[in-house]
Number of protein chains: 2
Amino acid sequence: MSLRYALLGIISKKPVSGYEVVSIFKEQVVYFWNSTHSQIYTELHKLEKEELLEHELIIQNSLPNKKIYTITELGKKELINWILNHSVKPAKIKDEFLIKAAAFDILTIDEIITLLDEVIAREERILSMTKEWKEHFTKETSKQNLGAIITSEYGIRYAEMYVNWCKWVKEFISSNPPV
Amino acid sequence: MSLRYALLGIISKKPVSGYEVVSIFKEQVVYFWNSTHSQIYTELHKLEKEELLEHELIIQNSLPNKKIYTITELGKKELINWILNHSVKPAKIKDEFLIKAAAFDILTIDEIITLLDEVIAREERILSMTKEWKEHFTKETSKQNLGAIITSEYGIRYAEMYVNWCKWVKEFISSNPPV
DNA sequence: TGCGCCATGTAAATTGTTACATGATTTA
DNA sequence: TAAATCATGTAACAATTTACATGGCGCA
(Lines give C-alpha, C1' and ligand atoms only; values in the text may rest on other atoms or scores of the structure.)
Protein backbone atom coordinates (compact mmCIF):
# COMPACT_ATOMS: atom_id res chain seq x y z
CA MET A 1 0.00 0.00 0.00
CA SER A 2 2.93 2.37 0.63
CA LEU A 3 4.62 1.44 -2.63
CA ARG A 4 2.25 3.81 -4.43
CA TYR A 5 3.52 6.75 -2.39
CA ALA A 6 7.12 5.87 -3.14
CA LEU A 7 6.20 5.91 -6.84
CA LEU A 8 4.27 9.17 -6.57
CA GLY A 9 7.21 10.72 -4.72
CA ILE A 10 9.67 9.74 -7.43
CA ILE A 11 7.47 10.89 -10.29
CA SER A 12 6.61 14.16 -8.49
CA LYS A 13 10.23 15.30 -8.97
CA LYS A 14 10.32 14.80 -12.72
CA PRO A 15 8.40 12.80 -15.34
CA VAL A 16 10.01 9.40 -15.84
CA SER A 17 9.36 6.09 -17.57
CA GLY A 18 8.52 2.91 -15.69
CA TYR A 19 11.93 1.60 -16.56
CA GLU A 20 13.58 4.62 -14.97
CA VAL A 21 11.44 4.20 -11.85
CA VAL A 22 12.71 0.64 -11.60
CA SER A 23 16.33 1.76 -11.86
CA ILE A 24 15.77 4.52 -9.27
CA PHE A 25 14.44 1.83 -6.97
CA LYS A 26 17.54 -0.27 -7.45
CA GLU A 27 19.94 2.60 -6.94
CA GLN A 28 18.35 4.93 -4.45
CA VAL A 29 15.36 3.28 -2.85
CA VAL A 30 16.88 -0.11 -1.87
CA TYR A 31 17.96 1.44 1.41
CA PHE A 32 14.37 1.75 2.60
CA TRP A 33 11.97 -0.05 0.27
CA ASN A 34 12.18 -3.14 -1.91
CA SER A 35 10.25 -3.85 -5.04
CA THR A 36 10.53 -5.51 -8.42
CA HIS A 37 9.74 -4.37 -11.93
CA SER A 38 6.64 -6.56 -12.13
CA GLN A 39 5.14 -4.94 -9.05
CA ILE A 40 6.11 -1.44 -10.13
CA TYR A 41 4.58 -1.72 -13.62
CA THR A 42 1.36 -3.11 -12.11
CA GLU A 43 1.13 -0.33 -9.52
CA LEU A 44 1.79 2.30 -12.19
CA HIS A 45 -1.25 1.01 -14.09
CA LYS A 46 -3.39 1.22 -10.96
CA LEU A 47 -2.26 4.75 -10.19
CA GLU A 48 -3.13 5.80 -13.71
CA LYS A 49 -6.59 4.25 -13.45
CA GLU A 50 -7.12 6.26 -10.28
CA GLU A 51 -5.96 9.38 -12.12
CA LEU A 52 -3.05 10.04 -9.80
CA LEU A 53 -0.67 9.64 -12.73
CA GLU A 54 -0.90 10.06 -16.50
CA HIS A 55 1.45 9.04 -19.26
CA GLU A 56 2.63 10.09 -22.67
CA LEU A 57 3.80 7.44 -25.11
CA ILE A 58 7.21 8.14 -26.66
CA ILE A 59 7.79 6.35 -29.94
CA GLN A 60 11.45 5.49 -30.39
CA ASN A 61 13.00 4.17 -33.57
CA SER A 62 15.95 2.02 -32.58
CA LEU A 63 14.90 1.49 -28.95
CA PRO A 64 11.57 0.13 -27.63
CA ASN A 65 8.78 2.65 -27.10
CA LYS A 66 8.32 4.00 -23.61
CA LYS A 67 5.72 5.66 -21.41
CA ILE A 68 6.66 8.82 -19.60
CA TYR A 69 4.62 9.20 -16.43
CA THR A 70 3.66 12.54 -14.93
CA ILE A 71 1.95 13.14 -11.59
CA THR A 72 -1.49 14.78 -11.73
CA GLU A 73 -2.76 17.50 -9.40
CA LEU A 74 -4.88 14.86 -7.69
CA GLY A 75 -1.78 12.69 -7.31
CA LYS A 76 0.18 15.52 -5.71
CA LYS A 77 -2.69 16.18 -3.31
CA GLU A 78 -2.90 12.49 -2.39
CA LEU A 79 0.84 12.30 -1.81
CA ILE A 80 1.01 15.37 0.43
CA ASN A 81 -2.06 14.24 2.31
CA TRP A 82 -0.49 10.85 3.01
CA ILE A 83 2.81 12.38 4.09
CA LEU A 84 1.17 14.78 6.51
CA ASN A 85 -1.71 12.70 7.86
CA HIS A 86 -0.83 9.03 7.70
CA SER A 87 1.00 8.04 10.84
CA VAL A 88 3.86 5.72 9.96
CA LYS A 89 4.88 2.55 11.73
CA PRO A 90 8.46 1.57 12.54
CA ALA A 91 10.36 -0.02 9.67
CA LYS A 92 9.66 -3.65 8.90
CA ILE A 93 12.94 -5.42 8.50
CA LYS A 94 13.69 -8.87 7.09
CA ASP A 95 17.33 -9.57 7.70
CA GLU A 96 18.39 -13.17 7.14
CA PHE A 97 21.81 -12.55 8.61
CA LEU A 98 20.35 -11.47 11.93
CA ILE A 99 18.40 -14.74 12.04
CA LYS A 100 21.76 -16.47 11.80
CA ALA A 101 23.25 -14.16 14.43
CA ALA A 102 20.43 -15.01 16.82
CA ALA A 103 21.58 -18.65 16.59
CA PHE A 104 25.33 -18.07 16.90
CA ASP A 105 25.24 -20.03 20.17
CA ILE A 106 25.26 -23.30 18.22
CA LEU A 107 28.28 -22.46 16.05
CA THR A 108 32.03 -22.51 16.61
CA ILE A 109 34.01 -19.29 16.81
CA ASP A 110 35.62 -19.95 13.45
CA GLU A 111 32.28 -20.45 11.76
CA ILE A 112 30.97 -17.22 13.25
CA ILE A 113 34.05 -15.24 12.17
CA THR A 114 33.73 -16.55 8.61
CA LEU A 115 30.08 -15.48 8.41
CA LEU A 116 30.80 -12.06 9.90
CA ASP A 117 33.69 -11.37 7.54
CA GLU A 118 31.53 -12.09 4.50
CA VAL A 119 28.89 -9.64 5.69
CA ILE A 120 31.47 -6.99 6.57
CA ALA A 121 32.84 -7.22 3.04
CA ARG A 122 29.36 -6.98 1.56
CA GLU A 123 28.36 -3.96 3.63
CA GLU A 124 31.63 -2.20 2.87
CA ARG A 125 30.96 -2.64 -0.84
CA ILE A 126 27.48 -1.19 -0.37
CA LEU A 127 28.90 1.61 1.75
CA SER A 128 31.36 2.80 -0.88
CA MET A 129 28.68 2.67 -3.58
CA THR A 130 26.30 4.69 -1.44
CA LYS A 131 28.98 7.27 -0.71
CA GLU A 132 29.50 7.74 -4.44
CA TRP A 133 25.76 8.22 -4.89
CA LYS A 134 25.55 10.79 -2.16
CA GLU A 135 28.43 12.77 -3.62
CA HIS A 136 26.70 12.65 -6.96
CA PHE A 137 23.48 14.09 -5.54
CA THR A 138 25.28 16.67 -3.44
CA LYS A 139 27.11 18.05 -6.48
CA GLU A 140 23.92 18.83 -8.39
CA THR A 141 22.64 21.36 -5.93
CA SER A 142 19.07 21.46 -7.27
CA LYS A 143 16.16 22.01 -4.90
CA GLN A 144 14.71 18.68 -5.91
CA ASN A 145 17.37 16.38 -4.54
CA LEU A 146 17.02 17.01 -0.82
CA GLY A 147 15.26 13.65 -0.62
CA ALA A 148 18.09 11.85 -2.41
CA ILE A 149 20.74 13.48 -0.23
CA ILE A 150 19.11 12.64 3.07
CA THR A 151 18.13 9.10 2.12
CA SER A 152 21.61 8.33 0.81
CA GLU A 153 23.03 9.74 4.05
CA TYR A 154 20.69 7.28 5.78
CA GLY A 155 22.08 4.46 3.63
CA ILE A 156 25.63 5.42 4.58
CA ARG A 157 24.85 5.55 8.29
CA TYR A 158 22.98 2.24 8.13
CA ALA A 159 25.91 0.45 6.42
CA GLU A 160 28.43 1.99 8.80
CA MET A 161 26.33 0.91 11.77
CA TYR A 162 26.14 -2.60 10.33
CA VAL A 163 29.89 -2.90 9.81
CA ASN A 164 30.65 -1.53 13.27
CA TRP A 165 28.16 -3.89 14.85
CA CYS A 166 29.78 -6.87 13.07
CA LYS A 167 33.18 -5.80 14.35
CA TRP A 168 31.78 -5.42 17.85
CA VAL A 169 30.35 -8.97 17.65
CA LYS A 170 33.78 -10.28 16.63
CA GLU A 171 35.33 -8.69 19.70
CA PHE A 172 32.47 -9.81 21.91
CA ILE A 173 32.74 -13.47 20.95
CA SER A 174 36.50 -13.54 21.45
CA SER A 175 36.03 -12.46 25.07
CA ASN A 176 32.78 -14.49 25.50
CA PRO A 177 33.27 -17.60 23.36
CA PRO A 178 30.24 -19.86 22.71
CA VAL A 179 30.22 -23.56 23.59
CA MET B 1 11.09 -19.18 3.64
CA SER B 2 13.49 -17.79 6.24
CA LEU B 3 10.79 -17.57 8.89
CA ARG B 4 11.21 -21.29 9.50
CA TYR B 5 14.85 -20.84 10.43
CA ALA B 6 14.01 -18.06 12.85
CA LEU B 7 11.54 -20.47 14.49
CA LEU B 8 14.02 -23.35 14.52
CA GLY B 9 16.64 -21.05 16.05
CA ILE B 10 14.31 -19.97 18.86
CA ILE B 11 13.14 -23.50 19.65
CA SER B 12 16.71 -24.88 19.48
CA LYS B 13 17.55 -22.94 22.66
CA LYS B 14 14.75 -24.36 24.75
CA PRO B 15 11.37 -26.04 24.17
CA VAL B 16 8.60 -23.44 24.01
CA SER B 17 4.93 -23.11 23.12
CA GLY B 18 3.71 -21.36 19.99
CA TYR B 19 2.44 -18.57 22.19
CA GLU B 20 5.89 -18.06 23.67
CA VAL B 21 7.43 -18.03 20.19
CA VAL B 22 5.01 -15.25 19.27
CA SER B 23 6.00 -13.20 22.31
CA ILE B 24 9.71 -13.75 21.63
CA PHE B 25 9.08 -12.40 18.16
CA LYS B 26 7.44 -9.28 19.55
CA GLU B 27 10.14 -8.63 22.11
CA GLN B 28 13.39 -9.81 20.62
CA VAL B 29 12.94 -10.51 16.95
CA VAL B 30 11.16 -7.30 15.83
CA TYR B 31 14.55 -5.73 15.25
CA PHE B 32 15.26 -8.02 12.31
CA TRP B 33 12.19 -10.02 11.33
CA ASN B 34 8.46 -9.38 11.38
CA SER B 35 5.71 -11.91 11.66
CA THR B 36 2.29 -12.47 13.15
CA HIS B 37 0.78 -15.20 15.27
CA SER B 38 -1.26 -16.58 12.37
CA GLN B 39 1.82 -17.06 10.23
CA ILE B 40 3.85 -18.50 13.09
CA TYR B 41 1.24 -21.12 14.06
CA THR B 42 0.90 -22.16 10.42
CA GLU B 43 4.66 -22.48 9.95
CA LEU B 44 4.96 -24.47 13.18
CA HIS B 45 2.48 -27.01 11.76
CA LYS B 46 4.52 -27.28 8.55
CA LEU B 47 7.77 -27.78 10.43
CA GLU B 48 6.20 -30.54 12.44
CA LYS B 49 4.90 -32.26 9.31
CA GLU B 50 8.45 -32.18 7.97
CA GLU B 51 9.70 -33.66 11.24
CA LEU B 52 11.96 -30.72 12.05
CA LEU B 53 9.91 -30.10 15.21
CA GLU B 54 7.77 -32.20 17.50
CA HIS B 55 5.38 -31.22 20.26
CA GLU B 56 4.06 -32.41 23.57
CA LEU B 57 0.57 -31.39 24.63
CA ILE B 58 0.38 -29.89 28.11
CA ILE B 59 -3.06 -30.10 29.69
CA GLN B 60 -3.68 -27.14 31.98
CA ASN B 61 -6.59 -26.77 34.36
CA SER B 62 -7.23 -23.05 34.74
CA LEU B 63 -5.41 -21.96 31.60
CA PRO B 64 -5.89 -23.19 27.99
CA ASN B 65 -3.90 -26.26 26.97
CA LYS B 66 -0.66 -25.67 25.16
CA LYS B 67 1.79 -27.39 22.85
CA ILE B 68 5.45 -27.37 23.80
CA TYR B 69 7.63 -27.63 20.72
CA THR B 70 11.05 -29.26 20.69
CA ILE B 71 13.53 -29.30 17.82
CA THR B 72 14.39 -32.73 16.40
CA GLU B 73 17.85 -33.91 15.38
CA LEU B 74 16.79 -33.45 11.77
CA GLY B 75 15.67 -29.90 12.59
CA LYS B 76 19.01 -29.08 14.19
CA LYS B 77 20.85 -30.43 11.16
CA GLU B 78 18.66 -28.41 8.80
CA LEU B 79 19.19 -25.23 10.83
CA ILE B 80 22.98 -25.55 10.98
CA ASN B 81 23.11 -26.46 7.32
CA TRP B 82 21.15 -23.33 6.41
CA ILE B 83 23.28 -21.10 8.61
CA LEU B 84 26.53 -22.38 7.17
CA ASN B 85 25.62 -22.92 3.51
CA HIS B 86 22.82 -20.58 2.53
CA SER B 87 24.29 -17.29 1.40
CA VAL B 88 22.20 -14.45 2.76
CA LYS B 89 21.04 -11.35 0.92
CA PRO B 90 21.14 -7.84 2.35
CA ALA B 91 18.23 -6.96 4.61
CA LYS B 92 14.93 -6.10 2.99
CA ILE B 93 13.61 -2.99 4.59
CA LYS B 94 10.17 -1.41 4.37
CA ASP B 95 10.35 1.96 6.03
CA GLU B 96 7.39 4.23 5.41
CA PHE B 97 9.09 7.16 7.04
CA LEU B 98 11.97 7.05 4.58
CA ILE B 99 9.43 7.21 1.75
CA LYS B 100 8.25 10.45 3.29
CA ALA B 101 11.83 11.66 3.75
CA ALA B 102 12.53 11.03 0.07
CA ALA B 103 9.76 13.53 -0.71
CA PHE B 104 10.70 16.22 1.83
CA ASP B 105 11.39 18.58 -1.10
CA ILE B 106 7.67 19.27 -1.42
CA LEU B 107 7.10 20.16 2.27
CA THR B 108 7.74 23.26 4.35
CA ILE B 109 10.45 23.27 7.02
CA ASP B 110 7.87 23.30 9.80
CA GLU B 111 6.11 20.26 8.39
CA ILE B 112 9.41 18.40 8.12
CA ILE B 113 10.42 19.26 11.68
CA THR B 114 7.09 18.04 13.03
CA LEU B 115 7.45 14.69 11.25
CA LEU B 116 11.04 14.26 12.38
CA ASP B 117 10.26 15.04 16.01
CA GLU B 118 7.55 12.39 16.11
CA VAL B 119 9.94 9.77 14.78
CA ILE B 120 12.72 10.82 17.14
CA ALA B 121 10.35 10.36 20.07
CA ARG B 122 9.26 6.95 18.78
CA GLU B 123 12.80 5.70 18.25
CA GLU B 124 13.91 6.97 21.65
CA ARG B 125 11.10 4.98 23.25
CA ILE B 126 12.19 1.88 21.36
CA LEU B 127 15.80 2.56 22.28
CA SER B 128 15.19 2.64 26.02
CA MET B 129 13.09 -0.53 25.84
CA THR B 130 15.81 -2.32 23.89
CA LYS B 131 18.46 -1.22 26.38
CA GLU B 132 16.40 -2.76 29.17
CA TRP B 133 16.16 -6.00 27.22
CA LYS B 134 19.85 -6.15 26.61
CA GLU B 135 20.62 -5.61 30.29
CA HIS B 136 18.20 -8.38 31.10
CA PHE B 137 19.93 -10.84 28.77
CA THR B 138 23.40 -9.77 29.86
CA LYS B 139 22.59 -10.43 33.52
CA GLU B 140 21.64 -14.09 32.95
CA THR B 141 25.06 -15.16 31.79
CA SER B 142 23.98 -18.47 30.25
CA LYS B 143 25.73 -19.82 27.17
CA GLN B 144 22.45 -19.78 25.29
CA ASN B 145 21.84 -16.06 25.19
CA LEU B 146 24.71 -14.93 23.03
CA GLY B 147 22.18 -14.53 20.23
CA ALA B 148 19.88 -12.38 22.33
CA ILE B 149 22.75 -10.18 23.51
CA ILE B 150 24.15 -9.48 20.08
CA THR B 151 20.78 -8.95 18.39
CA SER B 152 19.64 -6.56 21.12
CA GLU B 153 22.92 -4.71 20.73
CA TYR B 154 22.02 -4.49 17.05
CA GLY B 155 18.62 -3.07 17.97
CA ILE B 156 20.26 -0.44 20.15
CA ARG B 157 22.71 0.60 17.47
CA TYR B 158 19.96 0.72 14.85
CA ALA B 159 17.74 2.99 16.98
CA GLU B 160 20.67 5.23 17.90
CA MET B 161 21.64 5.53 14.25
CA TYR B 162 18.05 6.41 13.39
CA VAL B 163 17.79 9.14 16.03
CA ASN B 164 21.14 10.62 15.06
CA TRP B 165 20.21 10.61 11.40
CA CYS B 166 16.94 12.43 12.18
CA LYS B 167 18.86 15.07 14.13
CA TRP B 168 21.34 15.41 11.27
CA VAL B 169 18.42 15.95 8.84
CA LYS B 170 17.06 18.70 11.10
CA GLU B 171 20.39 20.49 10.98
CA PHE B 172 20.76 19.88 7.27
CA ILE B 173 17.43 21.40 6.36
CA SER B 174 17.99 24.50 8.49
CA SER B 175 21.15 25.25 6.48
CA ASN B 176 19.65 23.98 3.18
CA PRO B 177 15.94 24.89 3.36
CA PRO B 178 13.58 23.40 0.74
CA VAL B 179 11.36 25.57 -1.50
C1' DT C 1 28.15 -15.22 -30.06
C1' DG C 2 26.78 -14.29 -25.69
C1' DC C 3 25.72 -10.80 -22.30
C1' DG C 4 23.83 -6.47 -20.70
C1' DC C 5 20.92 -2.65 -21.57
C1' DC C 6 16.65 -0.81 -23.08
C1' DA C 7 11.55 -1.42 -22.37
C1' DT C 8 7.13 -3.40 -21.08
C1' DG C 9 3.99 -6.48 -19.62
C1' DT C 10 1.21 -11.00 -17.49
C1' DA C 11 0.66 -15.39 -14.77
C1' DA C 12 1.56 -18.32 -11.16
C1' DA C 13 3.15 -19.19 -6.82
C1' DT C 14 4.42 -17.84 -2.36
C1' DT C 15 4.20 -14.88 1.67
C1' DG C 16 2.24 -11.98 4.72
C1' DT C 17 -1.75 -9.36 6.92
C1' DT C 18 -6.25 -8.77 8.75
C1' DA C 19 -10.30 -10.60 10.19
C1' DC C 20 -12.88 -14.23 12.18
C1' DA C 21 -13.44 -17.55 16.11
C1' DT C 22 -13.36 -19.02 21.10
C1' DG C 23 -13.10 -18.47 26.13
C1' DA C 24 -11.40 -18.64 30.99
C1' DT C 25 -8.42 -15.99 34.25
C1' DT C 26 -6.17 -12.13 36.04
C1' DT C 27 -5.38 -7.30 36.82
C1' DA C 28 -6.56 -2.36 37.06
C1' DT D 1 -16.42 -4.08 34.42
C1' DA D 2 -13.29 -3.43 30.91
C1' DA D 3 -8.94 -4.66 29.24
C1' DA D 4 -4.98 -7.62 29.10
C1' DT D 5 -2.98 -12.24 29.28
C1' DC D 6 -3.01 -16.95 28.12
C1' DA D 7 -3.62 -20.10 24.13
C1' DT D 8 -4.66 -21.87 19.52
C1' DG D 9 -6.33 -21.99 15.20
C1' DT D 10 -8.60 -20.93 10.09
C1' DA D 11 -10.26 -17.99 6.17
C1' DA D 12 -10.04 -14.26 3.23
C1' DC D 13 -7.56 -10.91 1.33
C1' DA D 14 -3.50 -8.25 -0.08
C1' DA D 15 1.28 -7.92 -1.27
C1' DT D 16 5.38 -9.78 -3.07
C1' DT D 17 8.40 -12.79 -5.74
C1' DT D 18 9.58 -15.70 -9.51
C1' DA D 19 8.81 -17.21 -13.87
C1' DC D 20 7.13 -16.58 -18.41
C1' DA D 21 7.22 -13.67 -22.62
C1' DT D 22 9.32 -10.63 -26.33
C1' DG D 23 13.09 -8.44 -29.06
C1' DG D 24 16.47 -5.17 -31.11
C1' DC D 25 21.01 -2.83 -30.29
C1' DG D 26 25.72 -2.38 -28.82
C1' DC D 27 29.78 -4.22 -26.84
C1' DA D 28 33.61 -7.51 -25.88
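Note on naming: letters A, B, ... go to the chains in the order of the sequence lines (proteins, then strands), and numbering restarts at 1 for each one.
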**Message:** Classify A:Thr36 by what it touches in the nucleic acid, base, sugar-phosphate, or nothing, heavy-atom distance under 4.0 Å.
**Reply:** base

**Request:** Using the closest heavy atom to pick a nucleotide of DNA chain C for each, name whichever of A:Gln39 or A:Gln60 lands nearer the 5' end.
**Result:** A:Gln60

**Message:** Quick check: closest heavy atoms across B:Ile71 and B:Ile11, and the distance to 0.1 Å?
**Reply:** N-CG2, 3.7 Å

**Complete:** Tightest non-hydrogen contact, residues A:Ala148 and A:Lys13, listed as N-NZ, 4.5 Å

**Asked** Quick one: B:Met1 CE to D:dT18 P, roughly how many Å, whole number?
**Response** 12 Å

**Message:** Any side-chain N or O of B:Lys94 below 4.0 angstrom from OP1/OP2 of D:dA15?
**Reply:** no

**Message:** Is the ring pair A:Trp133/A:His136 parallel, tilted or perpendicular, if the boundaries are 30 and 60 degrees?
**Reply:** perpendicular

**Prompt:** Is any side-chain N or O of B:Lys92 closer than 4.0 Å to OP1 or OP2 of D:dT16?
**Reply:** no

**Message:** Can you work out whether B:Ile68 or A:Pro64 has the more 5'-proximal nearest nucleotide on DNA chain D?
**Reply:** B:Ile68

**Item:** Check: A:His37 side chain, C:dG9 base, donor-acceptor under 3.5 Å
**Value:** yes

**Prompt:** A:Leu44 CG to D:dT16 C1': how many Å, rounded?
**Reply:** 16 Å

**Asked** Between atom OH in B:Tyr19 and atom P in D:dC6, what is the gap in whole Å?
**Response** 4 Å

**Asked** Could you state the NZ-C1' distance from A:Lys66 to C:dC5, rounded to the nearest angstrom?
**Response** 13 Å

**Message:** In this structure, how many angstroms lie between the P atom of C:dG9 and the NE2 atom of A:His55, rounded?
**Reply:** 8 Å

**Asked** D:dG9 phosphate, OP1 or OP2: any side-chain N/O from B:Tyr41 under 4.0 angstrom?
**Response** no

**Prompt:** Between B:Ile99 and A:Ser2, which heavy-atom pair has the shortest distance, and what is it?
**Reply:** CD1-O, 3.7 Å

**Message:** What is the distance, to the nearest angstrom, from the CG atom on A:Leu63 to the C1' atom on D:dG26?
**Reply:** 10 Å

**Asked** Does A:Ser35 get its side chain close enough to the base of D:dT16, under 3.5 Å, for a donor-acceptor pair?
**Response** no

**Request:** Find the distance A:His45:NE2 to C:dA11:P and express it as a whole number of Å.
**Result:** 11 Å

